[in-house]
Protein chains: 2
Amino acid sequence: MRAAIALADKEGLEALTMRKLAQGLGVEAMSLYHHVSNKEAILNEMVDWIFGEFRLPTTEEPWKETLRARAISAHDVLVSHPWAIHVIETRRDPGPLTLQHHEAVLACLRHGGFSVPLTAHAYALLDSHIYGFVMQEMTLPFRTYEEVEELAEHILAQMPEELFPSFTELTREYILKPGYAYANEFAFGLDLILDGLERAKESEQMT
Amino acid sequence: MRAAIALADKEGLEALTMRKLAQGLGVEAMSLYHHVSNKEAILNEMVDWIFGEFRLPTTEEPWKETLRARAISAHDVLVSHPWAIHVIETRRDPGPLTLQHHEAVLACLRHGGFSVPLTAHAYALLDSHIYGFVMQEMTLPFRTYEEVEELAEHILAQMPEELFPSFTELTREYILKPGYAYANEFAFGLDLILDGLERAKESEQMT
DNA sequence: ACCTGAACACCGTTCAAGT
DNA sequence: ACCTGAACACCGTTCAAGT
């Protein structure tokens, strides 16, 4: 398990083959099948491990703060294991740590005063933001600010400005400004969503 | 191109191999390399085609309405081509239809009165919701209401209720109610986000 | 109980050879 | 210009055979 995560972290998901995993463990590929039923099972366990890394929200703290912290933690975990979002996307049966995590988020919302339907809405929305944001972040063709700059210049140079005025404007006046980092956009959306959920809860409680 | 999309639609992304694609075209796999440089190029074109299917927002209509319609259209397109979200996630260079689509969304926000930074925030947020939601929707282990019911009963039966009180409550009081469909959650989040963006724009204009 | 070598049914892709 | 057969370097997985 640890070997599989380390291998995917270091060499990418496509390098995680049964042969290479076995090699890292000093064994032949076929031996792995004595400890795990197939590769799917390994991927399932990897996803469950990821959920175990997310900070659990509590029912003691205010819902907004604790869910904000868990969202940021989830974002950070997913970004530091770039294979995770892809693998999560293909899993269909949640492991024990995953269930435990879901339970903690749901309990937090219910204790925070959300009705059952609003809890369902809120959970779907919060996780859409986390997964969708990380997905976009991972597909960006750059990671460092230097790469952003280089790529943006390259794009600007070959993009007809008349056809893409808003695009070039955004690149020039926002992306190429010092201090730009896509990851900073995460908190904006998160806070907008949390504020919106608070408002929805309050208007629900008035009726 | 059309053959590749049809094959992925009908038999799934894992069935889209060069050999099967060629077979459907009545030709050998190796012949494809005369018309396309490699499989990556095919996947790039498929993603660009997907973006071409999204309804383009306009600058004539009010931003909120036209962006709402484009989000719903994008959701519907992605759900009806289940391979799309996975392939988008691994693409790194946008095609012409993709760029055109981005330009239209950015122009719509700018015409709607959003500043350049707020336009960047808004776009990241809207697309996070679309991608993240679809991603979750695709990984659900059910599609029809009957399957929901069956699975929920199965889960309830083997889940220790003391350990997962909120989970069982949600399943019993929300998911198992007639008329439940996960896809319905999409509009809730979308409207919450659009309202939040409107509010953010107004408070920006006051300063 | 654990490991292994050979094999099977696949991949994407290259390349020399055909028309 | 377009297509093809054989081949290469890989996959996940099965299975009989070893210790």
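Lettering follows sequence order; numbering is per chain, from 1. Note that the coordinates shown come from a computational prediction; the quantities given were computed from them, not determined experimentally.
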* Asked: Quick one: on DNA chain C, does A:Leu32 or B:His34 contact a more 5' nucleotide (nearest heavy atom)?
  ->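 On the 5' side of the pair lies A:Leu32.
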* Between the main-chain N or O of B:Trp63 and the side-chain N or O of B:Thr66, is there a donor-acceptor pair closer than 3.5 Å? -> no
* Using modelled atom types only, decide if a donor and an acceptor are shared between the side chain of B:Asp48 and the backbone of B:Leu97 within a distance under 3.5 Å. => yes
* Who passes salt bridge (charged side-chain N to carboxylate O under 4.0 Å, His left out) against A:Asp195, sequence neighbours left out? -> A:Lys64
* To do: Applying salt bridge (charged side-chain N to carboxylate O under 4.0 Å, His left out), name anything that partners A:Asp127, two or more places apart in sequence or on another chain.
  =>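 Counting only residues at least two positions away or on another chain, A:Asp127 forms a salt bridge (charged side-chain N to carboxylate O under 4.0 Å, His left out) with A:Arg70.
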* To do: Give, ordered by number, those residues of residues 14-28 of chain B having at least one heavy-atom distance below 4.0 Å to an atom of DNA chain C; if nothing qualifies, reply none.
  =>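 Contacts with DNA chain C under 4.0 Å: B:Leu16, B:Thr17, B:Met18, B:Arg19, B:Lys20.
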* Could you tell me whether A:Asp191 and A:Arg68 have a side-chain N and a carboxylate O separated by less than 4.0 Å? => yes
* Asked: Going by an N to O cut-off under 4.0 Å, is there a salt bridge joining B:Glu40 and B:Arg91?
  ->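 Yes.
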* 5' to 3' on DNA chain C, which nucleotides open and close the contacts with chain B (atom under 4.0 Å from a heavy atom)? ->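 Counting from the 5' end, contacts occupy C:dC11 to C:dT14.
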* Asked: For A:Ala41, what residues pass the side-chain contact (heavy atoms from CB on, under 4.5 Å) criterion, not counting sequence neighbours?
  ->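 Result, side-chain contact (heavy atoms from CB on, under 4.5 Å) vs A:Ala41: A:Val36, A:Ser37, A:Asn38.
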* Structure fact -> Residue set satisfying side-chain contact (heavy atoms from CB on, under 4.5 Å) with A:Met1, at least two apart, ordered chain then number -> A:Ile5, A:Glu45, A:Met46
* Those residues that, when tested against A:His121, pass ring pair (Phe, Tyr, Trp, His ring centres under 6.0 Å) (two or more places apart) ->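 Here the qualifying residues are B:Phe188.
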* Asked: Partners of A:Tyr180 by ring pair (Phe, Tyr, Trp, His ring centres under 6.0 Å), sequence neighbours excluded?
  ->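 For A:Tyr180, the residues satisfying ring pair (Phe, Tyr, Trp, His ring centres under 6.0 Å) (neighbours in sequence not counted) are A:Tyr174.
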* **Summary of salt bridge (Lys or Arg N to Asp or Glu O under 4.0 Å) pairs that have at least one residue in residues 139-153 of chain B, sequence neighbours excluded** => none
* Could you note down all residue pairs passing salt bridge (Lys or Arg N to Asp or Glu O under 4.0 Å) where residues 94-119 of chain B supplies at least one of them, sequence neighbours left out? =>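 Those involving residues 94-119 of chain B are A:Glu169-B:Arg110.
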* With a 4.0 Å heavy-atom cut-off, tell me which residues in residues 37-45 of chain A come close to DNA chain D, sorted by residue number. =>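 Those residues are A:Asn38, A:Lys39.
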* Identify all stems in which DNA chain C takes part, counting only runs of at least 3 consecutive pairs (Watson-Crick or G-U wobble, each distance under 3.5 Å), and give each as one range with another, ordered by first number. =>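 Detected stem regions: C:4-8 with D:12-16, C:12-16 with D:4-8.
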